[in-house]
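Note on naming: letters A, B, ... go to the chains in the order of the sequence lines (proteins, then strands), and numbering restarts at 1 for each one. Predicted, not measured: the structure shown is a model, and the values here were computed from it.
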There are 2 protein chains.
Amino acid sequence: MNPDRTLAALCKALGNPARVAILRHLLQVDRCICGEIVNILPLAQSTVSQHLKQLKEAGLIRGEIEGPRICYCADKERLAELKHLISEL
Amino acid sequence: MNPDRTLAALCKALGNPARVAILRHLLQVDRCICGEIVNILPLAQSTVSQHLKQLKEAGLIRGEIEGPRICYCADKERLAELKHLISEL
DNA sequence: ATCGTATTTCGTAAAAATACGATAATGATC
DNA sequence: GATCATTATCGTATTTTTACGAAATACGAT
């Protein structure tokens with residue numbers, strides 16, 4: 001993809017404080033289940049699920065099914081790509 | 001402001017390919033008048049003006065009145081703040 | 001097979017973003 | 001003062017985002 005579009009898509013995914021908080025938390029704890037994120041944020045569980053979906057679509061996080069729950073983790077390679085695109089601005 | 005909010009606001013401002021292109025261009029040419037940006041992008045003049053407004057509100061660019069036209073330039077300090085906030089993720 | 005927990009998806013409403021053309025505002029020039 | 005060039009703002013339509021509760025799905029345990 002065109003670098004402007006890639007950067008815009010990544011930035012758009014982080015263009016909401018809740019999603020920034022989610023990513024930051026996942027980077028701190030390395031990995032955690034969805035429910036933990038729901039507890040941290042003052043948002044309904046379905047809303048958090050949507051934010052997770054957007055982050056996942058942007059490639060910034062991944063979710064692995066782990067029994068009855070889903071374990072999320074940050075995709076550090078994708079984050080590195082964002083860092084690179086921003087830093088070369 | 002809360003760092004999550006600051007980062008989200010900055011990212012939101014870059015969450016559109018046209019705005020990324022505008023910022024990138026301003027960084028390349030250092031400074032240029034609004035009309036030049038309008039010529040580069042495949043968008044109506046009023047639309048470009050709105051994008052410029054958003055970038056200005058986010059603090060990423062500044063506009064100085066220069067006779068009948070307006071000269072825009074990137075705010076490198078603000079950009080540095082974005083780079084810092086992203087890099088420390 | 002049923003139940004309980006965890007998560008997503010659906011339906012929906014309200015707000016914001018995007019884009020355009022038309023109009024207004026500003027400043028230089030005649 | 002009229003006019004031209006440049007840019008912002010207004011009005012509007014369409015799309016997207018954000019948020020919620022309710023319903024569906026998936027899985028483990030009983």
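Taken to the nearest 0.5 Å, the NE2 atom of His25(A) stands 4.5 Å off from the CD atom of Glu36(A). Rounding to the nearest 0.5 Å gives a distance of 5.0 Å between CG of Leu41(B) and CD1 of Ile22(B).
Distances were taken from every side-chain heavy atom of Leu52(B) (C-beta onward) to each of dT18(D), dA8(D), dT7(D); the shortest belongs to dA8(D). Each of dT7(C), dA8(D), dT9(C) was ranked by its minimum atom distance to the side chain of Lys53(A); first place goes to dT9(C).
You'll find the side chain of Cys34(A) reaches within 4.5 Å of the side chain of Leu52(A), heavy atoms only. Side chains of Asp75(A) and Ile61(A) form no contact here, defined as non-hydrogen atoms less than 4.5 Å apart.
Straight-line distance from the CD atom of Gln54(B) to the C1' atom of dA16(C): 10 Å, rounded to whole Å. If you measure from atom CD1 of Ile22(B) to atom P of dT7(D), you get 13 Å, rounded to the nearest angstrom. Atom CG of Leu55(A) is separated from atom C1' of dT18(D) by 14 Å (rounded to the nearest Å). Rounded to whole angstrom, the span from the CD atom of Glu36(A) across to the C1' atom of dT5(C) amounts to 16 Å. Spacing between atom NZ of Lys56(B) and atom C1' of dA8(D) amounts to 8 Å, rounded to whole angstrom units. In this structure, the CG atom of Asn39(B) is 13 Å from the C1' atom of dT7(D), given to the nearest Å.
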For nucleotides 19-30 of chain D, 5' to 3', base contacts (B), sugar-phosphate-only contacts (S) and non-contacts (-) with protein non-hydrogen atoms under 4.0 Å give BBBB----SS--

A correct dot-bracket answer for DNA chain D, with pairs being Watson-Crick or G-U at under 3.5 Å, [ ] for crossing pairs and | for inter-strand pairs, is ||||||||||||||||||||||||||||||

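More than 12 heavy atoms of other residues, nucleotides or ligands sit less than 6.0 Å from atom CG of Leu27(A).
In terms of position on DNA chain C, the residue among Ile70(A) and Lys12(B) whose nearest nucleotide sits closer to the 5' end is Ile70(A).
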When the side chains of residues 81-89 of chain A are checked against the rest of the protein, which donor-acceptor pairs come out under 3.5 Å, sequence neighbours left out?
{"residue": "Glu81(A)", "atom": "OE1", "partner": "Arg78(A)", "partner atom": "NH1", "Å": "2.8"}
{"residue": "Lys83(A)", "atom": "NZ", "partner": "Ser87(B)", "partner atom": "O", "Å": "3.3"}
{"residue": "Ser87(A)", "atom": "OG", "partner": "Lys83(A)", "partner atom": "O", "Å": "3.2"}
{"residue": "Ser87(A)", "atom": "OG", "partner": "His84(A)", "partner atom": "O", "Å": "3.0"}

